[in-house]
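Contents: one structure, followed by commentary.
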Amino acid sequence: MTFTGQSLIAGQPVAGAGKTTNGFNPATNEPLEPAYTLLTEDQLKTATAAAKEAFPSFSSLDPEAHASFLEAIADNIEAIGDELITRAGQETGLPAARLQGERARTTGQLRLFAGVVRQGDFRGVRIDPALPDRSPLPRADIRQRQIPLGPVAVFGASNFPLAFSTAGGDTASALAAGCPVVFKAHNAHPGTSELVGHAVTKAVRDAGLHPGVFSLIYGPGASIGQALVADPAIKAVGFTGSQAAGIALMKTAAARPEPIPVYAEMSSLNPVFVFQGALEGSAEDIDALAQQYVASVTGSSGQLCTSPSLLFAPAGEAGDKLATAVGRAIAACPGQTMLTEGIASSWNAGTEALGSADGVALIGQGTPGPTRNAPAPTIFGTGVDQFVSNHVLHEEIFGAASLVIRYNSTADLLQAAARIEGQLTASLQLTEADYPAAAPLIPVLEQKVGRILVNGWPTGVEVGHAMVHGGPFPATSDSRTTSVGTLAIKRFLRPVAYQNLPQELLPEALQDANPWHLNRRIDGEVVPAAEKAEAVGATKHY
Ligand code: NAP
């Protein structure tokens, strides 16, 4: 494809009237062609107005047409072929195998949401039939369903140029909910965004949908991103990135005349708690544990929101052996190109600050990679007292760096766990002998994280129905939700109750005839779609 360097507003390429920006190859710091033209605020309004106009028809789409549209986006992304992997690799420095996996995750989650749309439980149909003879007061017929919020602004993440970008999890879940999307491209991968933007636009066109269902815009976050969130047509925001930008967007959204929800996934340290029993195997077992930890810290150059930045290990001989094995394992790791020069320089500043904090010592360090922006992966060590008393040790360092914290007792672990801020994950490495020590930690961690794992590593997030990729602030702006998995659709829905509406005025999802074959909760009881006719006949409320 010939890159246009333009935004795609409601199906049309639009040259921005603002400044221009280029993607950069982070392995060389060389700019990539073409230059992308940045929108002005007036031009942005065309995209938000089109999304608003598209909302009524898109939000009431028949489930089959809706699901097929999501599948067509997945097909169109696959049809781009190697060009997508090549361009994403040039713009991010991520290796082809990682990007191929990410593409599969992206298309897989679009198809998963197509299944969610066909199945229909997300519509949350509840029917409390009328009780005309109830004493002392009759009950009206009350029906509830979930409806989409309206146009959603989505901000692409730097570290997932496909799976958390143009047609990534936020876009897929918003479109599945029935919300048009205005997507603000991340400046680090504009060409990748354009390729996927055309794939989405083609699916919109081929399905005969209103073109305002999707727009891809280029512009600076601090001006155009802010204007997008302030625009009255936008009703919710999906974001992955830094705490600073996420909080800035939360403030803008809250200060609007009509405040809107912001679902921001920001920072996480993902603590791992190693119990004594996990270190009582052979030297090989300890080596294996060290290697798994180091692989989880260094994968994707550590630029994963679930990368384990903290590992708690017991004081004493077994813990010493683990620390030594970690030092050996990290020493064998070359640096890999980071996503941008800016992210590499933040990593350098963060490791410098951590390494010079009181009571922090180097455990081991790899070697710098051969490219630009490929610093040496680094692991530090400290004690639990330093950890609980120094906030510098709680700062996220985005990239391949981690801190091993030595503890003496379960009480130490409980104190440290109580001190950490909200996180996406917490992991426990243990054996059955450790269950009594681990048990009191679980309720503390439940209050702190969105996902608790045993004998696994937090990186590698399954996209499914039960997954939670969320957690209390500052991991996210709203701990009630997840940004990965099918539950992510809930972020873009709200309930509406319909009282005493005649069948002719009810939406299809709530009609007695159940034309969309939805499972329903009738008078509090779950009634599967197949049993509907019988249930309606039995209760005679309709
Ligand atoms: P970022 O700076 O937060 O940028 C993310 C998006 O927000 C970009 O589209 C950016 O626009 C926009 N933006 C920036 N400042 C804004 C503002 N004041 N108002 C509105 N929008 C704004 O994140 P990043 O570039 O991806 O990475 C920077 C740091 O974020 C990393 O070093 C890391 O600490 C953190 N990060 C964390 C995660 C995680 O999952 N925990 C993931 C990625 C990054 P522009 O394109 O114009 O900059």
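For reference, positions follow the sequence shown, starting with 1. Because the structure is a prediction, the values reported are computed rather than measured. Only heavy atoms go into these numbers, but all of them, side chains included; no hydrogens, no water, no symmetry mates.
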Polar contact flag, side-chain donor to acceptor under 3.5 angstrom, [X]-[Y]:
X      : Y      : result
His210 : Ser57  : no
Asn270 : Thr425 : yes
Ser68  : Glu64  : yes

With [X] via salt bridge (Lys or Arg N to Asp or Glu O under 4.0 Å) - residues at least two apart:
X      : result
Lys45  : Asp42
Asp478 : Arg480
Arg111 : Asp75, Glu78
Arg87  : Glu91

Answer whether the closest heavy-atom distance between the side chains of [X] and [Y] falls below 4.5 Å.
X      : Y      : answer
Ser7   : Ser215 : no
Ser242 : Phe398 : no
Glu33  : Asn22  : yes
Ile77  : Arg103 : yes
Phe183 : Ile217 : no
Leu501 : Arg143 : no
Thr340 : Pro26  : no
Val125 : Leu510 : yes

Exercise. Go through the steps to decide whether Gln499 and Asp141 satisfy the test side chain to side chain donor-acceptor pair (under 3.5 Å), and finish with yes or no.
Key: CA-CA 6 Å; Gln499 189 163 328; Asp141 177 291; over 6 Å; no

Sequence-distant partners of [X], ring-ring contact (aromatic ring centres under 6.0 Å, His included), two or more places apart:
X      : answer
Phe492 : Tyr263
Phe24  : none
Phe214 : none
His186 : His189

To the nearest 0.5 Å, what is the distance between [atom1] ([X]) and [atom2] ([Y])?
X      : Y      : atom1 : atom2 : answer
Lys19  : Leu39  : NZ    : CG    : 14.5 Å
Leu70  : Thr107 : CG    : OG1   : 12.5 Å
Arg126 : Gln146 : CZ    : CD    : 8.5 Å
Ile343 : Ser158 : CD1   : OG    : 3.5 Å
Glu30  : Gln90  : CD    : CD    : 12.0 Å
Ser345 : Asn373 : OG    : CG    : 8.5 Å

Quiz item: Looking at Phe122, does the NZ or CZ of Arg491 lie under 6.0 angstrom from its six-membered ring centre and within 45 degrees of the ring axis?
Solution: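 No, a cation-pi geometry is absent between Arg491 and Phe122.
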
Practice problem: Quick one: closest heavy-atom pair of Glu508 and Pro515, and the distance? | Solution: O-CD, 3.5 Å

Practice problem: Could you pull out the closest heavy-atom pair between Ala176 and Val117, with the gap in Å? | Solution: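 Closest approach of Ala176 to Val117, heavy atoms only: O-CG2, 3.6 Å.
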
Determine yes or no for a side-chain-to-main-chain donor-acceptor pair under 3.5 angstrom, with [X] supplying the side chain and [Y] the backbone.
X      : Y      : result
Ser301 : Gln336 : yes
Gln423 : Leu269 : yes
Thr37  : Gly5   : yes
Glu83  : Ile80  : no
Ser60  : Pro56  : yes
Gln243 : Met266 : no
Ser307 : Gln303 : no
Asn514 : Leu518 : yes
Arg139 : Pro129 : yes
Glu265 : Gly470 : no

Quiz prompt | Worked check of salt bridge (Lys or Arg N to Asp or Glu O under 4.0 Å) between Arg521 and Asp121 | solution = CA-CA 10 Å; Arg521 187 176 281 277; Asp121 274 0; over 6 Å; no

Exercise. Kindly say whether the aromatic ring centers of His66 and Phe58 come within a distance under 6.0 Å.
Key: yes

Those residues that, when tested against [X], pass side chain to side chain contact (heavy atoms under 4.5 Å, CB included) (two or more places apart):
X      : result
Lys52  : Ala233
Pro472 : Ser479
Thr252 : Gln226, Val229, Ala230

Exercise. Under the side chain to side chain donor-acceptor pair (under 3.5 Å) rule, what do Ser300 and Arg98 come out as? Steps first, then yes or no, please.
Key: CA-CA 8 Å; Ser300 296; Arg98 148 72 207 265; 2.8 Å; yes

Quiz item: side-chain contact (heavy atoms from CB on, under 4.5 Å) between Val484 and Val468: does it pass, once the steps are laid out?
Solution: CA-CA 7 Å; Val484 174; Val468 174; over 6 Å; no

Show me the side-chain donor-acceptor pairs of residues 195-206 shorter than 3.5 Å, one per line, residues at least two apart or across chains.
| residue | atom | partner | partner atom | Å |
| --- | --- | --- | --- | --- |
| His198 | NE2 | Glu194 | OE2 | 3.2 |
| Thr201 | OG1 | Gly197 | O | 2.8 |
| Lys202 | NZ | Asp206 | OD2 | 2.6 |

Quiz item: With a cut-off of 6.0 Å (strictly less than), are more than 12 heavy atoms of other residues, nucleotides or ligands near CD of Glu462?
Solution: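 For Glu462, atom CD is not crowded (no more than 12 foreign heavy atoms under 6.0 Å).
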
Quiz item: How about Asn500: does its CG atom have over 12 heavy atoms from other parts shown lying under 6.0 Å from it?
Solution: yes

Quiz item: Hey, what's the ring geometry for Phe239 with Phe155, parallel, tilted or perpendicular (30° and 60° as the breaks)?
Solution: perpendicular

Exercise. Would you mind checking if Arg256 and Asp231 are paired as a salt bridge, meaning a charged N to carboxylate O distance below 4.0 Å?
Key: no

Quiz item: Any Lys/Arg nitrogen of Glu71 or Arg118 sitting under 4.0 Å from an Asp/Glu carboxylate oxygen of the other?
Solution: yes

